[in-house]
Amino acid sequence: MHIEDNRYLLEGGVDPLAIADKYGCPVYIYETAVMKRQYERLTKAFDLKRLKINYACKALNNIAVLKYFKSLGTGLDTVSIQEVKIGLLAGFNPEDIIYTPNCVSIEEISLAVELGVKINIDNLSILEQFGSLYPEYPVCIRINPHIMGGGNSKISVGHIDSKFGISFHQTPHIHRIVKAHGMIVEGIHMHTGSDILDIEVFLQGAEILFEVSKEFHDLSYIDFGSGFKVPYKEEDIETDIEELGEKITKRFKQFCKSYGRELTLMFEPGKFLVSQSGIFLVKVNVVKQTTSTVFAGVDSGLNHLIRPMLYDSYHKIVNISKTEGRSRIYTVVGYICETDTFGVNRKMTEINEGDILAFYNAGAYCYTMSSNYNSRYRPAEVLVHEGEDYLIRRRETMDDLIQTQVDVDIFENKQVTA
Ligand SMILES: *Cc1c(COP(=O)(O)O)cnc(C)c1O
């Protein structure tokens, strides 16, 4: 979003206020132009013929978004059988979907085998069960390289205390199982979690993966996962993709040479591809002056955007109804009946009731983490593509809220007696 002629505008000159007007608030808006820019940045950073980007759809799983990524040429990274099915619905070929579950049953993994997708296994017990059931089905193995990727404790997943992956110290066990069942290991994978800041740490993880990989002779790809950090605040540092690209490219080429074959380098970013593509528009219901602050109370809450409360995430907020005039300090809060603070002491152009606020970085882990808490409807989603807006998910209704409830009808005429 940028300011032009005193108005906030999206790519292609689309006016977010017009979208708020047309579809109502709260509403999520995603711009394909930003997704494309990020995708191209990533593919340009790695100078490799065999590079494959699998979009991690848990960040934002609207089918229209998935179809857009398919049109760009990505594959799909999925973490549940339902995400696999959504990917197939979006038109991805099974071989372009990688399924990376954690702590799921062998039954669910069997369903993924039936659907023909790539399977990434992250513990020895499942590897063993898988080997005895499907010795011929090629697998990828998720290695825990024991590195601290960065970010907070909830999103850092590649360290020694993490539940994810098979420790690289257990590689001999992997080989025993693979050998016993005559399995084919086609890929080696790591995913260290969000918010990589230190490229050197990532490269250390890569070295561990190369060490592990050289002992497997049927590989066709190495998957370095994701965790690329994007800026949320003006002064935020982001993962230097260009530097990472240059370093990994060089090292990967060397590895392939010593391995004796050209392998595919895979990544599976979610946040990097979609975070900045999204804004979330809410309407200010109440401006409330208290003894300590001025609250701007909006028509949304942690039910629609939980990241600030769950991760202490910072989302930049602007008043898009007014680009000029004096600024004041606000605490932006939701309408949920418990504390749901979106931002404290935020400087914004003066807010009147009815103004529309926009949250930045609302593309990743926002809608997909939303809920019906307080019996509220989940918002609509709108895609902005080449100057046009498209409704890609309608706002929920009362019917949506109650449709899964079963009315047992057993209490009628039963008088409560004292
Ligand atoms: C969540 C997840 C990703 C995406 O992580 P981002 O930080 O959004 O890029 C990639 N791979 C796996 C296995 C994941 O669980």
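Just so you know, ligand 1 is whichever comes first in the structure, and atom 1 is the first atom listed for that ligand.
Relative orientation of the His217 and Tyr259 rings is parallel, given thresholds of 30° and 60° on the angle between their planes. Under the 30°/60° scheme for interplanar angles, the aromatic rings of Phe130 and Tyr134 are found to be tilted. Below 30°, between 30° and 60°, or above 60°: for Phe267 and Phe46 the angle between ring planes is between 30° and 60°, a tilted geometry. Between Phe359 and Phe280, the ring planes lie tilted relative to each other; the angle falls in the 30° to 60° range.
An N or O contact shorter than 3.5 Å is missing between Arg142 and ligand 1 by distance. Considering backbone and side-chain atoms alike, His189 places every N or O at 3.5 Å or more from each N or O of ligand 1. Considering both main-chain and side-chain atoms, Gly270 comes within under 3.5 Å of ligand 1 through a nitrogen or oxygen pair.
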Which atom pairs, donor and acceptor, lie under 3.5 Å between side-chain atoms of residues 206-215 and protein residues at least two apart or in another chain?
{"unit_1": "Glu207", "atom_1": "OE1", "unit_2": "Arg251", "atom_2": "NE", "d": "3.3"}
{"unit_1": "Glu207", "atom_1": "OE1", "unit_2": "Arg251", "atom_2": "NH2", "d": "3.0"}
{"unit_1": "Glu207", "atom_1": "OE2", "unit_2": "Arg251", "atom_2": "NE", "d": "2.7"}
{"unit_1": "Glu211", "atom_1": "OE1", "unit_2": "Lys214", "atom_2": "NZ", "d": "3.3"}
{"unit_1": "Glu211", "atom_1": "OE2", "unit_2": "Lys214", "atom_2": "NZ", "d": "3.1"}
{"unit_1": "Ser213", "atom_1": "OG", "unit_2": "Leu209", "atom_2": "O", "d": "2.6"}

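With ligand atoms numbered from 1 in the order given, ligand 1 contributes 13 (C) to contacts under 4.0 Å with heavy atoms of Thr100. Atoms of ligand 1 lying under 4.0 Å from at least one heavy atom of Pro269, given by number and element, are 9 (O). Counting atoms of ligand 1 from 1 in the listed order, those under 4.0 Å from a heavy atom of Lys271 are 6 (P), 8 (O), 9 (O). Within the listing of ligand 1, atoms 10 (C), 11 (N), 12 (C), 13 (C) sit less than 4.0 angstrom from a heavy atom of Asp77. The ligand atoms of ligand 1 that sit less than 4.0 angstrom from a heavy atom of Ala56 are 3 (C), 4 (C), 10 (C). Heavy-atom contacts of Gly227 reach the following atoms of ligand 1: 7 (O), 9 (O) (cutoff under 4.0 Å). Near Tyr365, with a cut-off below 4.0 Å to any heavy atom, the atoms of ligand 1 are 1 (C), 4 (C), 5 (O), 6 (P), 8 (O).
Contact annotation: for Glu268 versus ligand 1, heavy atoms closer than 4.0 Å belong to both the backbone and the side chain. Contact annotation: for Val79 versus ligand 1, heavy atoms closer than 4.0 Å belong to the side chain alone.
Ligand 1 does not have Gly225 within reach: every non-hydrogen atom of the residue lies 4.0 Å or more from it.
The six-membered or imidazole ring of His175 lies near that of Phe216, with a centre-to-centre distance under 6.0 Å. Ring centroids of His191 and Phe164 are separated by 6.0 Å or more, keeping the two rings apart.
A salt bridge links Arg378 and Glu396; the closest N-O separation between the charged side-chain nitrogens and carboxylate oxygens is under 4.0 Å.
Put simply, the residue from Tyr55, Tyr28, Phe69 that forms a side-chain contact (heavy atoms from CB on, under 4.5 Å) with Leu60 is Tyr55.
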